[in-house]
Amino acid sequence: MLGDFGMIAPRPGRNVAGIGMTSQRTRARMVERLREQGITEARVLEAMAGVPRHLFVEEAFASRAYEDSALPIGFGQTISQPYVVARMIEILIQKKEPGKVLEIGTGCGYQAAVLASLAAEVYSIERIRGLLERARANLRELRLKNLRLAHGDGAAGLEKAAPFDSIILAAAAPEVPQALLRQLARGGRMILPLRSGAAGAQQLILIERSARGYTETALDPVRFVPLRAGKA
Ligand code: SAH
């Protein structure tokens with residue numbers, strides 16, 4: 001069973017706007033770079049222009065928060081690189097409404113915040129309790145009322161909130177978790193990094209569910225932390 005299932009309580013706190021290198025302008029430059037890299041979806045660019053990424057990385061790395069790189073967030077995990085976040089969400093919502101979204105691998109909560117800025121409803125599951133608590137703290141002051149976090153093994157999905165119009169995995173699985181296929185709504189889309197044959201190789205996979213079944217499309221080669229079983 002999933003515990004820790006609830007709303008994020010608002011709390012007055014740090015200055016969300018930040019200063020200097022962590023300002024709105026730095027973020028605007030990141031978005032400009034995403035455009036140059038080929039991201040065209042306005043909803044994604046707008047959401048990423050609005051979420052203060054520096055609040056999600058460890059303080060020692062705050063000055064590098066807007067670089068296009070993955071950074072450590074503790075517990076041996078990383079915050080995904082901005083381009084990868086943008087690209088995955090862009091594919092997920094292409095020519096459709098994101099609707100009700102499930103994210104597997106909350107990590108520091110950054111991608112969850114981006115998703116909650118553009119979708120009606122977002123659920124995000126993390127298996128490491130300490131990280132989930134950190135994400136909760138990072139997210140609190142953004143007051144995203146449509147985002148719910150849960151502690152659990154994301155491979156089982158979130159039965160009580162299913163079906164989902166969109167499912168996104170931030171950790172690489174050896175195969176598509178069956179529970180997630182079942183919890184994907186008809187007309188829905190799932191995007192995930194899958195481990196493929198060669199050692200360490202991974203590829204982004206898009207799965208679309210229609211009335212007739214599932215179709216799978218292989219996309220870019222990527223590098224994600226592994227999807228692990230059970231809670232920690
Ligand atoms: N979404 C994050 C990326 C986090 S990295 C961001 O915005 O940058 C991937 C996360 O997936 C890690 O925190 C890891 O602990 C988590 N994870 C791995 N296997 C999992 C599983 N089975 N269920 C839920 N979370 C999992």
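Remember, it's 1-based here, ligands and their atoms both numbered in the order they're listed. These numbers were taken from a predicted model, which means no experiment stands behind them.
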Handout entry: Test item, A70 contacting ligand 1 (heavy atom, 4.0 angstrom)
Key =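 Under 4.0 Å: no for A70.
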
Handout entry: Min heavy-atom dist S124 to ligand 1 below 4.0 Å
Key =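 The answer is no, since S124 has no heavy atom less than 4.0 Å from ligand 1.
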
Which atoms from ligand 1 have a heavy atom of [X] less than 4.0 Å away?
X: G154; value: 21 (C), 22 (N), 23 (N), 24 (C)
X: I128; value: 15 (O)
X: I125; value: 24 (C), 25 (N)
X: E103; value: 1 (N)
X: V225; value: 5 (S), 9 (C)
X: D153; value: 21 (C), 22 (N), 23 (N)
X: L131; value: 13 (O)
X: G152; value: 23 (N), 24 (C)

Rounded to the nearest 0.5 Å, what's the gap from [atom1] on [X] to [atom2] on [Y]? Could you check?
X: N138; Y: I79; atom1: CG; atom2: CD1; value: 8.5 Å
X: Q37; Y: Y83; atom1: CD; atom2: OH; value: 6.5 Å
X: I91; Y: D220; atom1: CD1; atom2: CG; value: 6.0 Å
X: I89; Y: Q94; atom1: CD1; atom2: CD; value: 13.0 Å

Exercise for the section: Answer whether the closest heavy-atom distance between the side chains of I39 and R87 falls below 4.5 Å. Expected result: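 A side-chain contact exists here, since the closest heavy-atom pair is under 4.5 Å.
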
Practice task
Report yes if some heavy atom in the side chain of I93 is under 4.5 Å from a heavy atom in the side chain of E41; otherwise report no.
Solution key: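 Touching, per the 4.5 Å side-chain cut-off.
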
Name the closest protein heavy atom to [atom], giving the residue it belongs to and the distance to 0.1 Å.
atom: atom 5 (S) of ligand 1; value: T78 O, 3.2 Å
atom: atom 19 (N) of ligand 1; value: R228 N, 3.0 Å
atom: atom 6 (C) of ligand 1; value: S80 N, 3.9 Å

Practice task
With R53 as the cation and Y66 as the aromatic partner, state whether NZ or CZ is under 6.0 Å from the six-membered ring centre and within 45° of the axis.
Solution key: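 No.
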
Problem - Same apolar cluster (I L V M F W Y, side chains within < 4.5 Å links), I168/L45 - result: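 Looking at the clustering, L45 is in the same group as I168.
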
For [atom], which of [options] has the closest heavy atom?
atom: atom 10 (C) of ligand 1; options: G105, P193, G157; result: G105
atom: atom 18 (C) of ligand 1; options: A172, P226, A170, A229; result: P226
atom: atom 20 (C) of ligand 1; options: E126, R127, Q77; result: R127
atom: atom 7 (O) of ligand 1; options: Q111, K231, M88, H151; result: Q111

Problem - Any N or O of I79 closer than 3.5 Å to N or O of ligand 1 - result: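 The answer is no, given that I79 and ligand 1 share no N or O pair closer than 3.5 Å.
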
Practice task
Tell me, yes or no, whether the heavy-atom count around R228 atom CZ, taken from other residues, nucleotides or ligands under 6.0 Å, exceeds 12.
Solution key: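 For R228, atom CZ is not crowded (no more than 12 foreign heavy atoms under 6.0 Å).
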
Exercise for the section: Output yes when R35 and E32 qualify as a salt bridge under the 4.0 Å nitrogen-oxygen rule, no when they do not. Expected result: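 Here R35 pairs with E32 in a salt bridge, since their nearest N and O are under 4.0 Å apart.
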
Handout entry: Under 3.5 Å donor-acceptor, E67 side chain and S69 backbone
Key =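 No, because the side chain of E67 does not come within donor-acceptor range (under 3.5 Å) of the backbone of S69.
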
